[in-house]
Protein chains: 2
Amino acid sequence: MTKPGPQPKIATLIDKLSQRDHVSPEEIEALRDVLGTPQEVRGGVDIVKEHAHPQQSTLLISGFSARYSSLSDGGRQITEINVPGDFIDLHSLLMKQMDHGVVALTDCVVAPAPHVKLIALTERHPHLTRLLWLDTIIDAAIHRQWLVAMGRRSGLGHLAHLICELYLRLQAVGQSGRLRFDLPLTQAVLADALGLSTVHVSRLVTELRGEGVINWSGGQVEILDWHRLAEIAEFDATYLRLQNEPV
Amino acid sequence: MTKPGPQPKIATLIDKLSQRDHVSPEEIEALRDVLGTPQEVRGGVDIVKEHAHPQQSTLLISGFSARYSSLSDGGRQITEINVPGDFIDLHSLLMKQMDHGVVALTDCVVAPAPHVKLIALTERHPHLTRLLWLDTIIDAAIHRQWLVAMGRRSGLGHLAHLICELYLRLQAVGQSGRLRFDLPLTQAVLADALGLSTVHVSRLVTELRGEGVINWSGGQVEILDWHRLAEIAEFDATYLRLQNEPV
DNA sequence: CGTCGGCTTGATAGCACTCAATGAGTGTGG
DNA sequence: CCACACTCATTGAGTGCTATCAAGCCGACG
């Protein structure tokens, strides 16, 4: 759901950026200027297609989406789950061609930011440019944590890590409650994100539930024991950079 | 080895950036201004420590280094292998705290770029800033490919993909011959990069050799059958963004 | 020539996969 | 109102890729 307020389109984005550094009114105005009319996208539909050459970047206002790559055998690997306030393809501003696709995992609302306007923004607002740059840098940091989880953690640790990450990222944009958040994703989506089979994901979720660490039903996750969850995940939130340090 | 020329320090970096967009003489001058005196680092030594708060970023001039994260059980996951011309911790400019370490895999030569000077650069050179931004964006794209390889490819495909990637990245900075390049890394390092055991890496290398796809001995890789190698890896070079498209 | 790091090979074990079937929940239409 | 179809989650059985343990090989080097 979009937060109420004078700038509903960019409220989550501003929330997130403001946790890292002060965002001036002029910068907020500049951000609002680059964003176009919000649009709805149905769950399951591609927001950006693989190998596309977008002329704009897209801000996710509400809902969940995912970066993914398709494989020749019909398989799919999700490389990041996006939450409200994320620019889902900001990197296409400079990459030009998408190296992956972005699919709406649920019904979403998105807003376009034309590349022409974003380039102009980088010419006029160096500090805001650095804040947007930082956002893509954190994407890379998230990828690295996923690599560590995939390469060296147990399946259970990997799942636990994903839950920790999503909880904190949703919290940063005011989309989670106290040790509780909506996550209306199927286990098949989780499997594609974790690089596991759906069967195994089911067993892992059951295991975390059985240990009394989380509850997960009806598309809502409840963290019953944050300490144990973080322990299983070996979670260290540094990479999400939720501290305020001027750039 | 450092390339000969008037700007030996930044020759590889300029090579790489120039493949993506024109770099003006003023921009080259600005880059040279931010870089300090090159220093040698012995193989095995950390160039940047995990959780550090660097006051400068570091350009890799020669040698190989790797981003890595340590685990509580003593294990290690390498998340990227850096080649000459790579800024190994450019993201620390905005992240402030390192979310991982960088270790010299071989003897290296590196040059520091103080954050204060880099920030000043972003204030004065928007276009060059975008080129540096793009470099960190490509790091993220490399991470994503590793995620796909780790999550959904076979061990053999994963190894093949890494070889394809390193070959093209070294080629982009003039550090590889015709289907041949130096890669003085141990199989233990490869194992930490692929998320496999050293034993299994040995078997995979043996398999690729046995199939007549590559030769690998004396720290040198020779690609005997690029087509088959790319096929095994399902390799698509888009993500390395080696095309010239102005940003 | 002995030691050492790195690579290779063999044997065994285990985590996660695939195939398969069942159950729960939801929506549709007769 | 109920039969049916469909998606999603769960559970069981058997398989396989990769880990671990262990031993041996090889080249470099003092």
Side-chain angles (χ1 to χ4, degrees), chain A residues 42-45 64 71 73-78 103 105-107 148-163 182-211 214-222 232, chain B residues 42-44 64 71 73-78 105-107 149-163 182-211 214-221 232:
Chain A
R42 283 275 167 211
V45 173
F64 290 90
L71 290 110
D73 66 358
R76 180 175 79 157
Q77 177 66 48
I78 288 175
V103 62
L105 296 175
T106 65
D107 291 349
V148 174
M150 210 172 273
R152 293 292 181 216
R153 282 193 231 284
S154 67
L156 199 69
H158 193 175
L159 173 61
H161 199 279
L162 180 59
I163 294 171
D182 287 327
L183 193 64
L185 310 181
T186 67
Q187 292 189 355
V189 166
L190 283 181
D192 282 344
L194 298 171
L196 300 171
S197 65
T198 57
V199 173
H200 200 59
V201 167
S202 172
R203 292 195 222 275
L204 293 175
V205 171
T206 302
E207 189 174 346
L208 275 187
R209 236 188 323 238
E211 301 247 340
I214 62 163
N215 255 332
W216 188 334
S217 62
Q220 186 160 259
V221 177
E222 184 183 2
I232 293 170
Chain B
R42 284 275 168 211
F64 290 91
L71 290 109
D73 65 357
R76 180 174 78 158
Q77 176 66 48
I78 288 175
L105 296 175
T106 65
D107 291 350
M150 209 173 275
R152 292 294 183 215
R153 283 191 230 281
S154 66
L156 199 68
H158 193 174
L159 172 61
H161 199 279
L162 180 59
I163 294 170
D182 288 326
L183 193 65
L185 309 182
T186 67
Q187 293 189 354
V189 167
L190 283 181
D192 282 344
L194 298 171
L196 300 171
S197 65
T198 59
V199 173
H200 200 61
V201 167
S202 171
R203 293 195 222 273
L204 294 175
V205 171
T206 302
E207 189 175 345
L208 276 187
R209 236 187 324 239
E211 301 245 338
I214 61 163
N215 256 331
W216 187 333
S217 62
Q220 185 159 260
V221 177
I232 293 170

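Keep in mind the model is a prediction, meaning the values are calculated, not measured. Every chain is numbered from 1 and lettered A, B, ... according to where its sequence line falls, protein lines coming before strand lines.
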Polar side-chain atom of [X] near backbone of [Y] as donor-acceptor pair, under 3.5 Å:
{"X": "Gln220(A)", "Y": "Leu183(A)", "value": "no"}
{"X": "Thr198(A)", "Y": "Ala191(A)", "value": "no"}
{"X": "Glu222(A)", "Y": "Trp216(A)", "value": "no"}

For this session: Would you name the heavy atoms of Ser202(B) and Thr206(B) that are closest together and state the gap between them?
Result: O-OG1, 2.8 Å

Seminar exercise, completed: When every non-hydrogen atom of Leu196(B) is compared with those of Arg152(A), the smallest separation belongs to O-NH2, 3.2 Å

Exercise. Looking at residues at least two apart in the chain, or sitting in another chain, which of them share a salt bridge (charged side-chain N to carboxylate O under 4.0 Å, His left out) with Asp107(A)?
Worked result: Arg42(A)

Gap between atoms [atom1] and [atom2], on [X] and [N] respectively (whole Å):
{"X": "Leu156(B)", "N": "dG16(D)", "atom1": "CG", "atom2": "P", "value": "18 Å"}
{"X": "Arg203(A)", "N": "dC8(D)", "atom1": "CZ", "atom2": "C1'", "value": "16 Å"}
{"X": "His158(B)", "N": "dT18(D)", "atom1": "NE2", "atom2": "P", "value": "11 Å"}

Seminar exercise, completed: Contact span of DNA chain C against chain B, any nucleotide atom under 4.0 Å from a heavy atom, 5' to 3', runs dG6(C) to dA11(C)

Problem set entry | Strand contacts (DNA chain D) in residues 184-200 of chain B, 4.0 angstrom heavy-atom criterion | Gly195(B), Leu196(B), Ser197(B), Val199(B), His200(B)

For this session: Scan Leu204(B), Ile163(B), Val201(B) and name whichever one has a side chain to side chain contact (heavy atoms under 4.5 Å, CB included) with Leu190(B).
Result: Val201(B)

Exercise. Atom CD in Gln77(A), atom CG in Leu194(A): separation rounded to 0.5 Å?
Worked result: 8.5 Å

Exercise. For the helix from dC1(C)-dG30(D) to dG30(C)-dC1(D), what is the angle between the axes at its two ends, each from 5 pairs, rounded to 10°?
Worked result: 20°

Exercise. Taking only residues two or more places apart in sequence or in another chain, which ones pass side chain to side chain donor-acceptor pair (under 3.5 Å) with Arg153(B)?
Worked result: none

Seminar exercise, completed: Residues pairing under salt bridge (charged side-chain N to carboxylate O under 4.0 Å, His left out) where one sits in residues 195-211 of chain B, two or more places apart or in two chains, turn out to be Glu211(B)-Arg228(B)

